[in-house]
Amino acid sequence: MGKEKILLKFGGSFITDKTSDEPKINSENIKSIGKTLTTEIYDIIIVHGAGSFGHPIAKRFEIGSGLNDTREQNEAIKETRRQVQNLNTIFCKALEKNNLKTEAIIPSKTMETRGSKEIINFPFRIFDKALSQEKIPVTFGDVTNDKLRGVDILSGDTLMLELANHYKPLYSIFIMDYPGVFDGDPTNPESKIYPLVNSNIAEQLKNQSSLNQSIDVTGGLSGKIECALEMSKASETWITNLGSLNGFFKGNTKGSRVVL
């Protein structure tokens with residue numbers, strides 16, 4: 001019998017400098033991830049966001065709205081794919097420096113979409129093969145060819161939902177900058193973490209987030225919680241930070257659990 005699985009999502013704002021208009025990694029956080037992970041007890045599957053390696057250019061050229069057949073957008077699509085693949089390479093190399101074997105799975109080369117929420121013929125066999133070789137499959141948000149609009153943005157959150165529904169991992173964990181979901185500004189010492197996030201709290205946060213305009217083209221925190229609620233049907237789902245992740249490998253969960 002194989003090991004139980006843990007599904008991890010590292011947000012683009014955590015592994016890159018998301019405030020940058022140009023691709024810029026957060027090298028300290030990426031190095032810390034490699035030092036934290038272990039495959040001794042669980043099989044790990046990783047999804048990561050694009051952050052400054054994808055969002056600024058995707059927004060500038062309206063890639064999420066589909067093909068407009070301009071030369072500028074076509075070049076932007078190629079450049080976005082190149083940038084997110086570069087981020088994936090940097091990420092995988094950081095893990096491999098800590099003796100973790102990885103297998104990069106590039107959505108724009110292995111997947112097709114029908115709208116931003118539906119993946120056609122998801123390549124589970126590639127994930128299965130990597131896991132059988134004791135590798136960590138690492139996939140990421142990307143620009144995919146799309147049946148409806150020519151191209152679309154496939155977010156890491158959509159990938160997380162697909163993977164959770166299929167593998168039903170013991171834990172599905174969104175790793176972000178803060179140790180959970182807060183009831184206010186997380187930088188405010190008066191704010192408190194929600195130990196449990198349900199659909200009512202998610203709705204409150206959605207209303208709050210509508211006041212915050214962001215460059216994120218895939219939904220921000222509100223979109224992650226919406227995805228996490230759906231994932232909670234298949235897997236114990238959490239939002240936390242890297243400092244709390246090590247505890248999950250020891251059965252010591254900490255953060256905000258998301259329950260539908």
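All values reported here derive from a predicted model rather than from experimental measurement. Nothing fancy with the numbering, it's 1 onward along the sequence.
- Cluster annotation: W238 is not connected to I225 through the hydrophobic network of ILVMFWY side chains, with a link wherever side-chain heavy atoms come within less than 4.5 Å.
- Classification of the F127-Y167 ring pair by plane angle, with boundaries at 30° and 60°, yields tilted.
- Within a 6.0 Å radius of NZ in K101, more than 12 heavy atoms belonging to other residues, nucleotides or ligands are found.
- With rounding to the nearest 0.5 angstrom, the NZ atom of K59 is 14.5 Å from the OG1 atom of T80.
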Distance-only donor-acceptor pairs under 3.5 Å for side chains of residues 131-140, two or more places apart:
| unit_1 | atom_1 | unit_2 | atom_2 | d |
| --- | --- | --- | --- | --- |
| S132 | OG | K129 | O | 2.7 |
| K135 | NZ | E103 | OE1 | 3.2 |
| T139 | OG1 | I105 | O | 2.8 |

- Go through the steps for H166 and F122 under the test side-chain contact (heavy atoms from CB on, under 4.5 Å), then give the verdict. CA-CA 10 Å; H166 181 78; F122 196 96; over 6 Å; no
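- Counting non-hydrogen atoms of other residues, nucleotides and ligands closer than 6.0 Å to CG of N121 gives a total of 12 or fewer.
- Residues N145 and V151 form a side-chain contact, since some pair of their non-hydrogen atoms from C-beta on lies under 4.5 Å apart.
- Counted by atom type alone, D146 and T113 present one or more donor-acceptor pairs between their side chains at under 3.5 Å.
- Counting heavy atoms from C-beta outward, I193 and P179 have side chains that approach closer than 4.5 Å.
- The two atoms that bring M160 and V47 nearest to each other are SD-CG2, 3.8 Å, heavy atoms only.
- Y171 and Y42 have perpendicular rings, their planes meeting at more than 60° on a 0 to 90° scale where under 30° would count as parallel.
- Salt bridge E28/K31: absent, no basic N to carboxylate O contact under 4.0 Å.
- P123 and M111 make their closest contact through CD-CG, 3.6 Å (heavy atoms, listed as atom of the first residue, atom of the second, distance).
- Side-chain contact between I175 and T240 is present, with heavy atoms from C-beta onward closer than 4.5 Å.
- Linking ILVMFWY side-chain heavy atoms closer than 4.5 Å, directly or via other members, places I25 and L8 in a single hydrophobic cluster.
- With values rounded to the nearest 0.5 angstrom, L170 atom CG is found 7.0 Å from S235 atom OG.
- Residues E230 and L161 approach most closely at CG-CD1, 3.6 Å, considering heavy atoms.
- Distance alone, capped at 3.5 Å, places no donor-acceptor pair between the E236 side chain and the P169 backbone.
- For NZ of K24, the number of neighbouring non-hydrogen atoms (other residues, nucleotides, ligands) closer than 6.0 Å is 12 at most.
- Rounded to the nearest 0.5 angstrom, S244 OG and Y178 OH are separated by 14.5 Å.
- Hydrophobic cluster membership is shared by L95 and I41, with clusters built from Ile, Leu, Val, Met, Phe, Trp and Tyr side chains linked at under 4.5 angstrom.
- Each of I45 and F249 belongs to its own hydrophobic cluster when Ile, Leu, Val, Met, Phe, Trp and Tyr are linked at side-chain heavy-atom distances under 4.5 angstrom.
- Q83 has its side chain out of reach of L87: every pair of non-hydrogen atoms, C-beta onward, lies at least 4.5 Å apart.
- Side-chain N/O atoms of D157 and S155 include no donor and acceptor closer than 3.5 Å.
- Note: R82 CZ to I57 CD1 = 9.0 Å, rounded to the nearest 0.5 Å.
- The CD atom of E75 lies 4.5 Å from the NZ atom of K78; values are rounded to the nearest 0.5 Å.
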- For the pair V197 and V181, evaluate side-chain contact (heavy atoms from CB on, under 4.5 Å) and give the outcome as yes or no after the intermediate values. CA-CA 8 Å; V197 175; V181 179; 4.0 Å; yes
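- Shortest non-hydrogen contact noted between F53 and V84 is O-CG1, 3.6 Å.
- Checking side-chain atoms of D43 against main-chain N and O of T39 turns up no donor-acceptor pair under 3.5 Å.
- Under the 3.5 Å distance criterion, the side-chain polar atoms of S116 are left unmatched by any main-chain donor or acceptor of L154.
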- Output, in order, the C-alpha distance, side-chain angles, deciding distance and verdict of side-chain contact (heavy atoms from CB on, under 4.5 Å) for N241 and F14. CA-CA 9 Å; N241 65 353; F14 183 72; 5.9 Å; no
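- The hydrophobic cluster containing M176 also contains L7, counting ILVMFWY residues as joined when their side-chain heavy atoms lie under 4.5 angstrom apart, directly or transitively.
- Checking D142 against S108 by side-chain atom types alone, a donor-acceptor pair falls below 3.5 Å.
- Within the structure, the side-chain hydrogen bond (donor to acceptor under 3.5 Å, both in side chains) test picks out the following pairs touching residues 85-97 (sequence neighbours left out): H48-N88, E96-T102.
- Without hydrogens or angle criteria, N74 side chain to T70 main chain gives a donor-acceptor distance under 3.5 Å.
- Side chain of D183 to backbone of K192: a donor-acceptor contact under 3.5 angstrom is found.
- At distances below 3.5 Å, not a single donor-acceptor pair connects side-chain atoms of R60 with backbone N or O atoms of H55.
- I120 places a side-chain heavy atom less than 4.5 Å from the side chain of K147.
- One finds the CG atom of D152 at 10.5 Å from the CD1 atom of I63 (value rounded to the nearest 0.5 Å).
- Remark: side-chain polar atoms of T253 are not paired, donor with acceptor, to backbone N or O of F248 under 3.5 angstrom.
- Checked by atom type, the side-chain pair T237/S232 shows no donor-acceptor distance below 3.5 Å.
- Shortest non-hydrogen contact noted between G34 and L100 is O-CD1, 3.7 Å.
- Counting only heavy atoms from C-beta outward, the side chains of L229 and V259 never approach each other to under 4.5 Å.
- At a cut-off of 3.5 Å, with distance as the only test, a side-chain donor of D177 or S13 sits close to an acceptor on the other residue.
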- Query: F10 and L242: side-chain contact (heavy atoms from CB on, under 4.5 Å), yes or no, with the steps?
  - Reply: CA-CA 9 Å; F10 293 98; L242 187 63; 4.1 Å; yes
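- Of all heavy-atom pairs between S191 and G184, the closest is OG-C, 3.4 Å.
- Within the 3.5 Å criterion, the main-chain N or O of L67 finds no donor-acceptor partner in the side chain of R149.
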